[in-house]
Each structure stands twice: as structure tokens, then as C-alpha cells.
Amino acid sequence: MVTVNSKQNPSSERLNIVVLVKPVPDPKEPPKFKPDGTLDRLSMKLVMNPYDKYAVEAALQLREALGGIVIGVSMAPPHAIDALREALAMGVDEFILLSDPRLAGSDTLATSYALSMVVKKLWSKLGKVDLVLCGVESSDSNTAHIGPEVAEWLGLPSVSYVDKILEVSGGYVKVKKLIEGGYMVIRVKMPAVLTIAGTSYTPRIPTLRDVITARRKQITTLNADDVSIDTSKVGLLGSPTRVIKMWAAEIKRRGKIFTDTDIDRLIDNFLAELRKDGVKLK
Amino acid sequence: MSKIFVYAEVVEEGIAEPSLELIGRARELADKHGFSVSAMLVGFGVRKLADELIYRGASEVHVVDNEVLSKYNLLFYTRAIVEVVENEKPDIFLFPATTTGRELAPRVAARLGTGITADCTAIEIGDYVDPITGKKYEKLLYQIRPTFGGTIMAAIVTPNHRPQMATVRPGVYSVPPRDTSRSGRIKEWTIDFSEEDVGCLEVLEVKRERRKVDLRSAKIIVSGGRGARPEGFKLIRELAELLGGEVGASRAAVDAGWISYDHQVGLTGQTVKPDIYIAVGISGAIQHVVGMKDSKIIIAINKDPEAPIFRIADYGLVGDLFVIIPKLIERLKVAKS
Ligand SMILES: Cc1cc2nc3c(=O)[nH]c(=O)nc-3n(C[C@H](O)[C@H](O)[C@H](O)COP(=O)(O)OP(=O)(O)OC[C@H]3O[C@@H](n4cnc5c(N)ncnc54)[C@H](O)[C@@H]3O)c2cc1C
């Protein structure tokens, strides 16, 4: 749980938290390709990026401890709306969906710019934003760029790979960050951007009632002009990087899976297969 | 001559290995395609490490050595690197895909307004013709990486922005030999940090275990995860011993305190390529998989038939490890005698 220092953090200091959520193709389903070899994104079912659930959970725990509001922000095509309902069902108060055909093909620099413009808009509407949280990376592209890049566009400090938010007090947030071989404890001045690793938070599972309540929550759809995005900086042409080629990764694995409730038979079959394939365990 | 910059990450032991690997790879590409290789060294008391970078292949080292950099500070480090880049104008800038590299590099890229590709598993130099304008580019950095949880590979270029940036996965290139006869230029930079807000981001504590066990030369590794629990690790040790192998672990098992960090495999642990890797009670999270996916043969034992580890396994045993492993040990012992 988060430690709250009530002396330094009067109830008037409720937190305005923005959580960035990415709808991604369901990681449980294999990707689909068009005949020309490019990804068939439209036919893939979208779900909330699993890593973002940890960020939502962290935000909700902070709101429960300190009071405040949690606003979800997403940049995605309109059919992503079901994935956002998942976040609302978990307890996010409202959602902003930035959706515009001119954003299609944006790379991480362009995407982070667009998202930062939404955060700026919210900032002026709410008077302040204290924290921007997002998952450590997305399950489809795994770049981990969006958090630090959004922070850069907003001119805010950031910490990536946050294992846990330890304390919020006196305008600072103290976090534990994962590193090679251990941890770092870092204190950051708010407003700040944090990317949340999935190691210390267990995302809550919405009840049926939560799911029904979520249907009444507001999802505001905005386009690029609504948040004053310079469209020369987004989309395929506004992105510095270009994907020149994509191909299916060769998974040269045998994929022999043994399921048998009779454990002796399971082991027999497995060892027999190893022998057949000429694999020696020792 | 166009320059390749490599970020030299510093850890207690000296220059972090993934940075040395990148110096080695940059040197290969530079010799073949006519670039120079420079290292970017940031910290406090780090000047003395510059020679090491030259011995490994850099022809130039840019050093920012300042007391305010004694502890890692994302904002100050970004500031220092950006200032050097703006003056030196490298064509390519490579960072190791460590936890530091993967937060520092995107900040540097965004401040410079350039593109970046994360966690590349290969980097090459090649030409590119823009299909829209027909413009031809020579000697671009091909940034090659897996995506969609490793099911798809993508090659990416940054045609019009400089530097072309990428983080590169540790362990894909090897550490180059140390050649003390090499010489190079060391350039020290003085950067004024007096305007910076020191309290904005502060590292209060670093807890980092040094690695004592080297799993990289092991032929067989039996690794345990959260599903193994302390009792399971007894079985795992027994199996490893019987097979003449080493014991590995997922980060979840290490964080739970069942085994020391020395044994961790994955993004923040070691990258291993044994002949046989047996994953026991490990789900197969991407951060674990990057550390073991190049093992010759992967065997997974997991009670969840949907566990992602089965997707990269040669042999998968679906079931309770507390039943399977004792049986397996029994059978192997019989076979032995
Ligand atoms: C920045 C960052 C760095 C990271 N670095 C690393 C790293 O270097 N290495 C690493 O491993 N992880 C790393 N992680 C963590 C990673 O994301 C996963 O959380 C971790 O790998 C999960 O470990 P696990 O598979 O042991 O646990 P879980 O994902 O909890 O999986 C446990 C598995 O055990 C199975 N199981 C349970 N009981 C039994 C039983 N009785 N019999 C058989 N099977 C059973 C379950 O079905 C499940 O699949 C990192 C994460 C981040 C964000």
C-alpha cells in the first residue's frame, strides 16, 4: 500500500492522475497477415494492453488512498472502444479517446507527441495533472518508449520500470525501480511520468456490476484538431522511423506438448520422444 | 567521416558488458562501411575508464565527468548527452537495451526530435529507397527487432532524422577482445548544471547484487519460477545435479528470496544459451524469454496448458511439477544404474 503523509498532504491535495492505455491485439491470439504479408490489424480483436492494467491498478490505489480522479487516455482507432471499457470497469473515472485517421502509422515519437497534447489539454481543463502513468511497454510492440517520450514532450521527470509507488508526500513521489540485479529507490517531484512494471500490482478483476456501471461512464472522442496537434508531426509521414520490412519470425521449435493425466505414461512418452529425436538429457 | 556513437554505461565493475558488445559491433560495421566509432561516457570519476573503451574498439571517447553525475540521474544524463550530440552530430547512436538504456535513449531521442527503435536483435548497414518520393538513401542503419511477442520480425530505418537511434539487446553480439595497443582521442566536456533543479529527480538508494555465478557456459540449466516455491527449488536442484547442470530462476523466484540473483535469467538477469534449458513453473514472460530463447532445446514443465512458455518449447510437459519432477528424477536414476 501507499504511505500517505497526511500532514504534508492535506486532503485539498487530491491527485489528478492520467493513465495512458493502449488497445492491442489480443496477445493470446496469433497475429493475422494480409495476403501481401503486412499485418491485418483490423481483423484482430483488441484488448487493453496487459501491462497497462498494472498502471490502472496503481492509479486506482493512489486515488483510494489520497482521493482524486483517474482519467484514461488512449490513441486508437474508433473500434478500440471495447478495450477502453475494460479500464472503466476496473474503476477509471472517465476516458478520452484520441482518434483520427491522420494519426495512423505514427511511430513512438509521433504517438508520444499526440498523447502529450491530450495531457496538456486535460491539464488546462483540470488546473493540474499530478501523475501520468502507463504500462512499462505494450504487448504488441514492446518498445517502452511512450512513457519517457511523453515526459520529454511535457518537460517532466520520468521513471521507467517502476516496481512500486512507495510514498506520495509534499509534492514528491517515491518509487522503487527495477534494475539489473536489484532496485533503485528514486524520489521525483510531481508532476511526473511513471511507467509501471507488472511485478508488484495485481490488477483487480471487475465484477459484473462494475462492467455495467462502466457502460454509463463517459468516453469522449477527440480528433487531432481538438487538442491542437500539428499534423505534420504525426502519422506515417510525420514519423522519423519507417518499417521497411516485416516477416514472420522463424520459431524453429519442435513444439511437442505432452498432456496425460497418467504421470507414468506422460514421462514415458516424453522420454521416448527424446530418444527418437536423439536428445540426451545427460 | 560519419560517426557511430555508443553509450558507455557504467556499473560498479566498470563499463557494462552490453556497451562493450556494442562497441565491438559498431567497430565491425565501421570498418566495413567507413564510419568512425565514438563512445559517450557520462558519470563522476569515469574519465579513467576511457582507455578501456579505446582498447575495445572506440577511436574517440567523449567524457562528461561531473560530481552531479555521481548518482544516475535521468534528467542530468539526458542533458549531458544531448549537448554533446548537438555539437558532434553523430550519424548513428546506439544504446544497450538495459533498464538504463531503455529509459535514457528514448528521452534523448525525443529531445533531439529523432526516431528510435527499441531492443534490436540485429543492426546492419544498408541502402533504402523511399517508395513515396523515390529518394535513395545510402548506408542507413537497419534496426532489426522482434515484435508481437516475438512472432514477427521488423526492419526499421530512420531516413531523414539524425542521429539514427536504437537500443540493442544485450548478449546478441559478443564482447570484443581487448587490444591495449589501440589508441584514440579522449575529449572532455564541461557542462554547466548550475541551472538544474537538483531535487527534481533523486536516487536515494541503490540495491544491486553482483553476479557470482556465470550461467553462460552451462550446458544444461534447470530453472525455477514462481510456481516452484521453495520446496520446488529443492527438486530443481536435485534434477540439475543429476543432469550435471546449473540452476536458473525467473525474476519472480529471485524477488521472492528463494534463490539469489546470481541465478536469474532474463532481461535484468543473464542471457544464456545452453544445450538444454528446462523451465519449471515459469510462465514465459517476454522479459524471461529474451534471456533463454536461444537455448538449443527448451523443455517446459507447467500446469497451465496456455502458459506462453509452451509456445517456444521443443518439449512441453503439462502438469504439476511436484508430481512430474520426482517421477522424472526417479526414472533418470533408474536409467543411470
Ligand atoms: C523491467 C523488467 C525486467 C524484468 N526482468 C526479468 C528477468 O530478468 N527475468 C525474469 O524472469 N523476469 C523478469 N521480469 C519479470 C517478468 O515480467 C515476469 O513477471 C516473471 O518472469 C514471472 O516469473 P514466473 O514465470 O516465475 O512467474 P509467473 O508468471 O507467476 O508464472 C508462474 C508459472 O508457474 C506455473 N505453476 C504454478 N504452480 C505450478 C505447479 N505446481 N506445477 C507446474 N507449474 C506451476 C503457473 O502456471 C505459471 O505459469 C522483468 C519485468 C520487468 C518489467
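Model, not experiment: these values are computed from the prediction. Chain naming here is simple, since letters A, B, ... match the order of the sequence lines and numbering starts at 1 in each. Reckoned from all heavy atoms, side chains included, excluding hydrogens, waters and symmetry mates.
The contact between B/Ile299 and chain A is made entirely by side chain atoms (from C-beta outward), counting heavy-atom distances below 4.5 Å. Heavy atoms closer than 4.5 Å to chain A are found in the backbone of B/Lys296, but not in its side chain. Both the backbone and the side chain of B/Ile116 come within less than 4.5 Å of a heavy atom of chain A. Using a 4.5 Å cut-off between heavy atoms, B/Leu317 contacts chain A through both its backbone and its side chain. At a 4.5 Å heavy-atom cutoff, the contact between B/Lys293 and chain A is made by backbone atoms alone. Both the backbone and the side chain of B/Arg311 come within less than 4.5 Å of a heavy atom in chain A. For A/Tyr183, the parts sitting under 4.5 Å from any heavy atom of chain B are the backbone and the side chain alike. Contacts between A/Leu271 and chain B at a heavy-atom distance below 4.5 Å involve the side chain alone, from C-beta outward. With a 4.5 angstrom heavy-atom cutoff, B/Pro146 does not touch chain A via any of its atoms. At a 4.5 Å heavy-atom cutoff, the contact between B/Ile297 and chain A is made by backbone and side-chain atoms alike. At a 4.5 Å heavy-atom cutoff, the contact between B/Glu202 and chain A is made by backbone and side-chain atoms alike. For chain A, the nearby part of B/Ile276 is the side chain; its heavy atoms alone come within less than 4.5 Å.
Separation of atoms OH (A/Tyr51) and CD1 (B/Ile286) is listed at 6.5 Å; rounding is to 0.5 Å. Distance CG/B/Asn160 to OG/A/Ser239: 12.0 Å, rounded to 0.5 Å. Going from atom CG of B/Asp119 over to atom OG1 of A/Thr143 covers 10.0 Å, rounded to the nearest 0.5 Å. In this structure, CD in B/Glu17 is found 12.0 Å from CD in A/Glu180, a value given to the nearest 0.5 Å. Distance check: A/Asn142 CG to B/Arg145 CZ gives 6.0 Å after rounding to the nearest 0.5 Å. The CZ atom of B/Phe310 sits 14.5 Å away from the CZ atom of A/Arg253 when rounded to the nearest 0.5 Å.
Looking only at distances, no side-chain donor or acceptor of B/Arg208 sits under 3.5 Å from a matching main-chain atom of A/Met184. Judged purely by atom type and a 3.5 angstrom limit, A/Ser160 has no side-chain atom pairing as donor or acceptor with the backbone of B/Thr99. Between the B/Asp314 side chain and the A/Arg254 main chain, a donor and an acceptor come within less than 3.5 Å of each other.
For the set A/Val150, A/Thr108, A/Leu178, the entry with the most heavy-atom pairs within less than 4.5 Å of chain B is A/Leu178. Note: A/Leu274 leads A/Asn269, A/Leu274, A/Asp163, A/Asp107 in heavy-atom pairs under 4.5 Å with chain B. Between chain A and the options B/Asp320, B/Ile298, B/Leu75, B/Ile278, heavy-atom pairs under 4.5 Å are most frequent for B/Ile298. Ranked by heavy-atom pairs under 4.5 Å with chain B, the first of A/Pro240, A/Ala192, A/Gly182 is A/Pro240. The greatest number of non-hydrogen atom pairs below 4.5 Å with chain B, out of A/Lys174, A/Lys177, A/Glu273, is found for A/Lys177. Most heavy-atom pairs under 4.5 Å with chain B, from the set A/Ile244, A/Leu109, A/Val188: that is A/Ile244. By number of non-hydrogen pairs under 4.5 angstrom with chain B, the leading residue of A/Ser139, A/Ala110, A/Ser141 is A/Ser141. When each of B/Gly316, B/Gly319, B/Ala118 is scored by its heavy-atom pairs under 4.5 Å with chain A, the top score falls to B/Gly316. Heavy-atom pairs under 4.5 Å with chain A peak, among B/Gly115, B/Gly245, B/Ala110, at B/Ala110. Put simply, of B/Gln264, B/Met153, B/Gln143, B/Lys207, the one with the most heavy-atom pairs under 4.5 Å next to chain A is B/Met153. Counting heavy-atom pairs under 4.5 Å between each of B/Glu306, B/Met165, B/Arg251 and chain A puts B/Arg251 at the top.
Between A/Lys189 and B/Asp197 the shortest heavy-atom distance is NZ-OD2, 2.8 Å. Closest non-hydrogen pair, B/Arg107 versus A/Ala151, comes out as NH1-CB, 3.3 Å. Here the closest non-hydrogen pair linking A/Trp247 and B/Ala154 is CZ3-C, 4.1 Å. The shortest heavy-atom contact between B/Gly199 and A/Tyr172 is O-CE2, 3.4 Å. A pairwise comparison of heavy atoms in B/Pro106 and A/Pro148 identifies CG-CG, 3.7 Å as the closest pair.
Using cut-offs of 30° and 60° for the angle between ring planes, the A/Phe258 and B/Tyr315 rings count as parallel.
Classification of B/Glu205 and A/Lys176 as a salt-bridged pair fails, no side-chain N sitting under 4.0 Å from a carboxylate O. The existence of a salt bridge linking A/Glu137 and B/Arg102 is confirmed by a sub-4.0 Å separation between a basic side-chain nitrogen and an acidic carboxylate oxygen.
At a cut-off of 3.5 Å, with distance as the only test, no side-chain donor of A/Ser158 or B/Glu103 sits close to an acceptor on the other residue. In summary, the side chains of B/Thr158 and A/Arg242 do not present any donor paired with an acceptor at a separation below 3.5 Å, with no hydrogens or angles considered.
The environment of CD in B/Glu12 is crowded: more than 12 heavy-atom neighbours from other residues, nucleotides or ligands sit within 6.0 Å. For CD1 of B/Ile132, the number of neighbouring non-hydrogen atoms (other residues, nucleotides, ligands) closer than 6.0 Å is greater than 12.
The closest side-chain heavy-atom distance from B/Leu201 to A/Ile186 is below 4.5 Å. Counting heavy atoms from C-beta outward, B/Ile324 and A/Ile267 have side chains that approach closer than 4.5 Å. Under the 4.5 Å side-chain criterion, counting only non-hydrogen atoms from C-beta, B/Val318 is in contact with A/Ile257. In this structure, the side chains of A/Leu281 and B/Ile220 stay at 4.5 Å or more apart for every pair of heavy atoms.
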Verdict with supporting geometry, A/Val185 and B/Val206, side-chain contact (heavy atoms from CB on, under 4.5 Å): CA-CA 6 Å; A/Val185 176; B/Val206 180; over 6 Å; no
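Annotation: residues 325-332 of chain B contacts chain A through B/Lys327, B/Leu328, B/Arg331, B/Leu332 [non-hydrogen atoms, separation under 4.5 Å].
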